[in-house]
Amino acid sequence: MKKILFMLLTLSLTLASCSSDSVNTDSENPNLNTTLRVNDNLRNLRKNALVDLNRGGRIYYYAERGAIFHADNNSNIVIPPYSIKTRNGEDINGILDIDYIEIFEKSKMVVANTPTMALINGEKDLLVTGGEFYIDIRYEREQVEIVRPIKVNIDAQNSDADPRGMVLWNGDIDDNGDLTWLPANPNDLIFENDGKVFNGREKEPVYDILINNSRSLGWCNVDKLINFPGDKTNVKVIVPSNFDQTNSSVYVAVEGQNNMIFQLDTFNSGTNSFKFSSDIASVGLNVHLIFVAEMNGNYVYSIFSTTLGNNSSYVIPNNSLISTTNYQQLEAAIMALP
């Protein structure tokens, strides 16, 4: 696995021009479809957001006593005695550097590029999250070796999502920096206690995740698949001509849902448009389409709301674009969505 502020804003959302549901996207040349390949400028904007979201720090670890790292958002990382060693198998007594990121809201998922998209049997699908987490533990600049399970206590009240039926996922980062969620192997990640999040009980203040080995450091997730009613369809979003898959992305937020965000994961150079790689959207679903790009080191974005038609096409006009020097304005605009 590869590692990688809120401000109040009153925003008038611009409704971009869009076609009717009679638009036929079959005329696209599929040979012009490409996977996403962002440039370093957009990648750096995302990395800067992740740095700001990092709630890690440093603690002293005694092999005989263990240690507990307290994050400032009511979560803890419990590292028991003799649970970690150096890569050479030696006991650790010294300062640990810990990275810890929690993401629950769709606004942060957009600026950090951590959409809730699963990959199952080679096909993408949609997830709702009880929390996305990034954890790394280093001693003298090298990642530690986990030899006994360490535990992460998560404050369950940070998410509005119904926890029943949620399971654990590992995050896979590709060469483009895009994050996809894969079902976790129970030998790597497991809920403590009965092995299921809450096991259908009412929401409890805290739940625990056991990390059994070092290969499960990095991104993990408490999620479940979600299936919206309606016939399945795709979404095509045509972006302005000076943007493409190298400097922009398009996300789909569902009206009234804060704990999910979906990314259009293919780009067609012939139509300069983004789509899902398969028909996983639902006709009749009320959504917000969020265009996010980089230009001259700044964020550029546009948001508009619509009800999805059958294979509908949506156009982002240049006059709807908003430029900002910080991601907090983009976050605030997303958080203000109904």
Side-chain angles (χ1 to χ4, degrees), residues 13-43 45-46 110 113 115 117 119 122-126 174-180 228 230-254 261-296 298-323 330 334:
L13 300 179
T14 303
L15 178 62
S17 60
C18 63
S19 68
S20 70
D21 60 4
S22 62
V23 170
N24 186 348
T25 59
D26 293 339
S27 60
E28 290 183 351
N29 184 349
N31 294 325
L32 298 179
N33 287 338
T34 64
T35 56
L36 307 185
R37 287 288 180 269
V38 301
N39 60 29
D40 288 340
N41 294 335
L42 181 54
R43 187 177 290 111
L45 289 180
R46 294 169 173 174
V110 169
N113 191 41
M117 303 282 291
L119 183 63
E123 297 289 334
K124 291 287 184 70
D125 214 333
L126 310 179
D174 64 17
D175 293 337
N176 191 51
D178 288 321
L179 177 64
T180 305
F228 295 100
D231 294 335
K232 297 309 171 188
T233 188
N234 214 317
V235 184
K236 181 169 77 172
V237 177
I238 302 169
V239 301
S241 58
N242 50 336
F243 298 102
D244 57 23
Q245 83 278 16
T246 67
N247 59 2
S248 65
S249 295
V250 177
Y251 302 90
V252 179
V254 179
I261 198 79
F262 314 128
Q263 184 179 23
L264 302 186
D265 58 331
T266 62
F267 181 80
N268 187 284
S269 59
T271 57
N272 208 53
S273 64
F274 290 88
K275 293 179 66 175
F276 286 122
S277 53
S278 60
D279 293 352
I280 55 177
S282 295
V283 174
L285 190 63
N286 295 323
V287 301
H288 312 287
L289 302 178
I290 304 172
F291 170 77
V292 180
E294 181 277 335
M295 177 178 284
N296 300 321
N298 296 330
Y299 284 92
V300 176
Y301 68 93
S302 177
I303 305 174
F304 65 92
S305 304
T306 188
T307 300
L308 294 181
N310 183 36
N311 288 323
S312 289
S313 176
Y314 305 89
V315 178
I316 297 176
N318 275 302
N319 62 9
S320 74
L321 300 180
I322 299 171
S323 179
L330 171 58
I334 297 171

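Predicted model only: the values in this text are computed from it and were never measured. In what follows, every heavy atom counts, from backbone to side chain, and hydrogens, waters and symmetry copies are set aside.
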>> Quick check: do Leu321 and Phe243 have side-chain heavy atoms less than 4.5 Å from each other?
In response: yes

> Does the side chain of Ile280 come within less than 4.5 Å of Glu123's, by heavy atoms?
Replying inline: no

>> For the CD atom of Glu294 and the CG atom of Asn41, what is their distance to the nearest 0.5 Å?
In response: 4.0 Å

> CE of Met295 to CG of Asn242: how many Å apart, nearest 0.5 Å?
Replying inline: 4.0 Å

>> I'd like to check Val315 versus Phe304 (side-chain heavy atoms, cut-off strictly below 4.5 Å). Are they in contact?
In response: no

> Is the shortest heavy-atom distance from the side chain of Leu126 to the side chain of Met117 under 4.5 Å?
Replying inline: yes

>> Do Ile238 and Ser313 have side chains that approach each other closer than 4.5 Å (heavy atoms only, starting at C-beta)?
In response: yes

> Could you walk me through whether Asn310 and Asp231 pass the side chain to side chain contact (heavy atoms under 4.5 Å, CB included) check?
Replying inline: CA-CA 8 Å; Asn310 183 36; Asp231 294 335; over 6 Å; no

>> So, taking the atom named NE2 in His288 and the one named CD1 in Ile261, what distance separates them when rounded to the nearest 0.5 Å?
In response: 9.0 Å

> What's the verdict on side chain to side chain contact (heavy atoms under 4.5 Å, CB included) for Val250 and Val235, showing C-alpha distance, side-chain angles and the deciding distance?
Replying inline: CA-CA 10 Å; Val250 177; Val235 184; over 6 Å; no

> What residues, two or more places apart in sequence or in another chain, satisfy side-chain hydrogen bond (donor to acceptor under 3.5 Å, both in side chains) together with Ser323?
Replying inline: none

> Between Phe274 and Ser248, what is the shortest heavy-atom contact and its length?
Replying inline: CZ-O, 3.5 Å

> For Asp178, which residues count as a side chain to side chain contact (heavy atoms under 4.5 Å, CB included) partner, sequence neighbours excluded?
Replying inline: Leu36, Arg46, Asn113, Asp174, Asn176, Gln263

> Between CG of Leu264 and OH of Tyr251, what distance do you get to the nearest 0.5 Å?
Replying inline: 10.0 Å

>> Check whether Asn296 reaches the backbone of Asn298 with its side chain - one donor and one acceptor, N or O, closer than 3.5 Å.
In response: no

>> So, taking the atom named CD1 in Ile303 and the one named CG in Leu330, what distance separates them when rounded to the nearest 0.5 Å?
In response: 6.0 Å

> Listed by chain and number, what are the side chain to side chain contact (heavy atoms under 4.5 Å, CB included) partners of Asn234, not counting sequence neighbours?
Replying inline: Lys275, Phe276, Asp279, Asn311

> Can a donor-acceptor pair be found between the side chains of Ser282 and Lys232 at a distance below 3.5 Å?
Replying inline: yes

> Going by heavy atoms in the side chains, are Asn272 and Phe267 under 4.5 Å from each other?
Replying inline: yes

>> Side chains of Val237 and Ile316, heavy atoms from C-beta outward: is any pair under 4.5 Å?
In response: yes

> So, for Ile290 and Ala253, which heavy atoms are closest and what is the spacing to 0.1 Å?
Replying inline: CD1-CB, 4.1 Å

> Can you list the residues that meet the side-chain hydrogen bond (donor to acceptor under 3.5 Å, both in side chains) rule with Asp125, with sequence neighbours excluded?
Replying inline: none

> Do you know which two heavy atoms are closest between Asn318 and Pro240, and how far apart they sit?
Replying inline: OD1-CB, 3.4 Å

> Does the pair Leu119 and Lys124 meet the rule for a side chain to side chain contact (heavy atoms under 4.5 Å, CB included), with working shown?
Replying inline: CA-CA 5 Å; Leu119 183 63; Lys124 291 287 184 70; 4.3 Å; yes

>> As a quick check of understanding, evaluate side chain to side chain contact (heavy atoms under 4.5 Å, CB included) for Asn268 and Lys236, giving each step before the final call.
In response: CA-CA 10 Å; Asn268 187 284; Lys236 181 169 77 172; over 6 Å; no

> Taking only residues two or more places apart in sequence, or in another chain, which ones meet Asp40 in a side chain to side chain contact (heavy atoms under 4.5 Å, CB included)?
Replying inline: Arg43, Asn44

>> I need the Tyr314 OH to Leu289 CG distance, nearest 0.5 Å.
In response: 6.5 Å

>> Thr307: which residues meet the side chain to side chain contact (heavy atoms under 4.5 Å, CB included) condition with it, sequence neighbours left out?
In response: Asn286

> Would a 4.5 Å heavy-atom cut-off, applied to side chains only, mark Tyr299 and Val292 as touching?
Replying inline: yes

>> Looking at every non-hydrogen atom in both residues, tell me the closest pair between Pro317 and Ser320 and how far apart they are.
In response: O-OG, 2.8 Å

